[in-house]
There are 2 protein chains.
Amino acid sequence: MKTLSQTEENYLKEIFHLSTAVEDRVSTNSLAARLNSKASSITDMLQKLADKGFVEYVKYKGCFLTELGESIAIQIIRKHRLWETFLVNKLNFGWEEVHAVAEQLEHIDSLKLIDSLDHFLNYPKFDPHGDPIPDKNGNIVYRESILQLIEVAPNSLVEVVAVSEDSLALLKFLEQHGLRLESELEILEKYPFDESMRIRSAKGEEINLSKKVAENIRVKFLAKI
Amino acid sequence: MKTLSQTEENYLKEIFHLSTAVEDRVSTNSLAARLNSKASSITDMLQKLADKGFVEYVKYKGCFLTELGESIAIQIIRKHRLWETFLVNKLNFGWEEVHAVAEQLEHIDSLKLIDSLDHFLNYPKFDPHGDPIPDKNGNIVYRESILQLIEVAPNSLVEVVAVSEDSLALLKFLEQHGLRLESELEILEKYPFDESMRIRSAKGEEINLSKKVAENIRVKFLAKI
DNA sequence: TTTAATTTTTAGGTTTGTCTAAAAAAATTA
DNA sequence: TAATTTTTTTAGACAAACCTAAAAATTAAA
Ligand SMILES: [Mn+2]
Ligand SMILES: [Mn+2]
Ligand SMILES: [Mn+2]
Ligand SMILES: [Mn+2]
């Protein structure tokens, strides 16, 4: 199988993320926004990816990955998350520093490398942001009963299990308030006018979280208080 | 400092290797041969690199690196050799498997990454092929009194200290005969008609080495026998 | 020191991935 | 349903890195 360009790989990865998280058929404009590119460039590339059999694409109707395209996307995500794990676990990077470097490392092409790395890291199941790491065969084990913090009702106790990985500012903010994976926190109050919320961290600090922040923290429900 | 393309980095690296190992001013054709490219392509790129201040280039007279160009080349070589060391020491790659992967990894752009890696590997001085690893400041400590095996007279005992790194076939050949870094061997006889030689390995095996092979093994003289 | 061979450069193209501006289709609103 | 707005595609260009073929400069041979 001939190897794809970095650009093509980034397109497939982004189509995968959008089609699992947001829309079934991925629109030209949503890709343009995520890839910091223009709609016309996206159209060009979608035609090429469709020719090569990586996506199904119908003019004006958006696209989705073929089985082949999806398996490639998953392997790139596997590499991305394994490298992030390496950087945090072995090289002592902070979780907010790894994404940018992993965006480069995910394109290194060597099966032996990535399998050896997986072994070296002891076959980790989740990356530093709580996201599942696909295995060699592309299987992804999603966690059960995870919800966005913003969906949780007041007077609930929850545990942080994942955070949106690609916002540097968010990760720094969480770091600053001692919020990380496995942190427990209590939802004190929700303010409907701006969808912000007030929470109490494990060590008693009360923190206001904006809508944006609360959307990007994923938690597991622990108890009613 | 804005970041160079992978292609530009490869040109600088190759100019560095050729101008230290072979010729003071690097010719268009020698670059074309090393970069598997055509002379006309080299000319184009040299003009660009000269514009950007990485090389001195005079039409028809070849080129050499500026101080800036050299410092960039050395940092790429540093990355290449650190990654090779990582692959062998941590991921259990064979020394013949690492060069191709390092050719990709050397272009990853993150100072923190490479310095952390250096630390993680315990500041190695030499890579798996015996080549010196430049430090953070670009200093390279070359070994004293190293010669090519082909230059050594019969009845000498020598120790292998480095091998040409980028020939897969050579490395596999050496591996097969148990020849590696720190191996001791005895030069038995030299055959002038094809410049081949006969040697005896530490464990007594007698092996014939072609000119090509004997040129690409670097040794330290130990004793006359 | 001419002539011949070799090396290097220029001229003119190609491919990949991008862009802007204009046209076409689809979705919304009236 | 007709008009308007939004989304998407097409048309035409551009920069990077490469190529082939032809011209020019340099080097080697006669
Ligand atoms: Mn990431
Ligand atoms: Mn992640
Ligand atoms: Mn190498
Ligand atoms: Mn090496």
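Residue numbers begin at 1 in each chain, while the letters A, B, ... track the order of the sequences.
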Side-chain H-bond candidate by donor/acceptor type, B:S27 with B:N29, under 3.5 Å: no
Of the candidate nucleotides C:dT8, C:dA21, D:dC19, which contains the atom at the shortest distance from the side chain of A:S40? C:dA21
Under 4.0 angstrom, heavy atoms only, what part of the nucleic acid is B:Q47 near: base, sugar-phosphate, or nothing? sugar-phosphate
Assert: residue with more 5' nearest nucleotide on DNA chain C, out of B:A39 and A:Q6, is B:A39
Taking any heavy-atom pair under 4.0 Å as a contact, classify A:T28: base, sugar-phosphate, or nothing. sugar-phosphate
Partner of C:dA30 under the Watson-Crick or G-U wobble criteria, both distances under 3.5 Å, comes out as D:dT1
Flag the pair A:E106 and A:K79 as a salt bridge only when some basic side-chain nitrogen lies within less than 4.0 angstrom of an acidic carboxylate oxygen. no
Ignoring the backbone of A:Y57, work out which of D:dC18, C:dT8, D:dT9 is nearest its side chain. D:dT9
Both B:K38 and B:K52 contact DNA chain D. Taking the nearest nucleotide for each, which residue is further toward the 5' end? B:K52
Tell me, please, whether A:F120 has B:K90 positioned over its six-membered ring: NZ or CZ under 6.0 Å from the ring centre and within 45 degrees of its axis? no
Below 3.5 Å is the cut-off: list the nitrogen or oxygen pairs between protein and nucleotides 24-26 of chain D, distance only.
unit_1	atom_1	unit_2	atom_2	d
D:dA25	O4'	B:Y60	OH	3.3

Okay, side chain of A:S30, backbone of A:V26: is any donor-acceptor separation there less than 3.5 Å? no
